[in-house]
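Report on the following structure.
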Amino acid sequence: EVQLVESGGGLVQAGGSLRLSCAASGFSFDEYAIAWFRQAPGKEREGVANMNSMDETTYHADAVRGRFTISSDNAKNMVYLQMNNLKPDDTAVYYCAATYIATPTMLPGLASYGYDYWGQGTQVTVSS
């Protein structure tokens with residue numbers, strides 16, 4: 001059974017940093033792409049970043065590029081989202097998601113409908 005469990009959210013002041021963690025189990029990292037999404041109150045879920053842990057190809061959405069970094073520790077089946085220079089607009093519930101990939105080096109897009117497995121989410125609140 002595929003399971004994703006996020007942790008690391010919290011309350012931080014603008015300009016601060018947080019690192020989110022996603023513990024993955026029930027699947028092999030070289031068969032799945034992992035992504036981070038977020039959803040703010042009253043807004044649609046949006047993709048933040050994704051990666052292919054096989055060759056560490058990553059993609060970051062424009063809104064977070066240069067501030068957020070997705071990474072993984074394949075030996076521990078962990079995926080991280082390092083978030084620096086946080087802004088109040090980054091306030092949201094952050095979700096880890098996974099999708100099967102046909103080839104190990106494939107990196108799918110960041111549309112939420114493309115991901116089959118989701119964690120329960122972790123709240124990030126950035127105060128001004």
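Computed from a predicted model, the values in this text were never measured in an experiment. Position 1 is the first residue of the sequence, and the numbers go up from there.
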*Do the rings of Tyr94 and Phe68 sit parallel, tilted or perpendicular, given the 30° and 60° boundaries?*
tilted

*Flag yes if Met51 and Tyr95 sit in one hydrophobic cluster, no otherwise; membership is Ile, Leu, Val, Met, Phe, Trp, Tyr, and two members link when side-chain heavy atoms are under 4.5 Å apart.*
no

*Answer whether the closest heavy-atom distance between the side chains of Leu11 and Gln123 falls below 4.5 Å.*
no

_Using only atom types and a distance under 3.5 Å, with no angle test, would you say the side chain of Ser21 pairs donor to acceptor with the backbone of Gly8?_
no

*Which pair of non-hydrogen atoms, one from Pro108 and one from Ile101, has the smallest distance, and what is that distance?*
CD-CG2, 4.0 Å

_ring pair (Phe, Tyr, Trp, His ring centres under 6.0 Å) between Phe37 and Tyr115, worked out_ = CA-CA 10 Å; Phe37 289 81; Tyr115 289 78; 5.2 Å; yes

*List the steps and the verdict of side-chain contact (heavy atoms from CB on, under 4.5 Å) for Leu18 and Val124.*
CA-CA 9 Å; Leu18 282 175; Val124 172; 3.9 Å; yes

*What residues, two or more places apart in sequence or in another chain, satisfy salt bridge (charged side-chain N to carboxylate O under 4.0 Å, His left out) together with Arg19?*
none

_CD on Glu6 to SG on Cys96, rounded to 0.5 Å_ = 5.5 Å

*Are Leu20 and Tyr32 linked, directly or through other ILVMFWY residues, by side chains that come within less than 4.5 angstrom of each other?*
yes

_Run the side-chain contact (heavy atoms from CB on, under 4.5 Å) test on Tyr117 and Tyr100 for me, step by step, so that the C-alpha distance in whole Å, both residues' side-chain angles and the decisive distance to 0.1 Å come before the verdict._
CA-CA 9 Å; Tyr117 302 100; Tyr100 175 77; over 6 Å; no

_I need the Met106 CE to Glu31 CD distance, nearest 0.5 Å._
13.5 Å

Would you give me the side-chain donor-acceptor pairs under 3.5 Å for residues 78-87, sequence neighbours excluded?
unit_1: Gln82; atom_1: NE2; unit_2: Asn84; atom_2: OD1; d: 2.9
unit_1: Asn84; atom_1: OD1; unit_2: Ser17; atom_2: OG; d: 3.0

*Report yes if the side chains of Trp118 and Leu4 come closer than 4.5 Å at any heavy-atom pair, otherwise no.*
no

*Walk me through it: do Trp36 and Cys22 pass the test side-chain contact (heavy atoms from CB on, under 4.5 Å)?*
CA-CA 9 Å; Trp36 286 98; Cys22 174; 3.7 Å; yes

*asked:* If you apply the rule side-chain contact (heavy atoms from CB on, under 4.5 Å), what do you find for Thr57 with Thr105, and how did you get there?
replied: CA-CA 8 Å; Thr57 302; Thr105 55; over 6 Å; no

*Can you tell me how far CD1 of Ile70 sits from CD1 of Ile34, rounded to the nearest 0.5 angstrom?*
8.0 Å

_Just so I know, are the side chains of Thr58 and Asn50 near enough to count as touching, which here means a heavy-atom distance under 4.5 Å?_
no

Contacts table for residues 40-48: side-chain donor-acceptor under 3.5 angstrom, sequence neighbours left out:
unit_1: Arg45; atom_1: NE; unit_2: Gln39; atom_2: OE1; d: 3.3
unit_1: Arg45; atom_1: NH2; unit_2: Gln39; atom_2: OE1; d: 3.4
unit_1: Glu46; atom_1: OE2; unit_2: Arg38; atom_2: NE; d: 2.6
unit_1: Glu46; atom_1: OE2; unit_2: Arg38; atom_2: NH2; d: 3.1

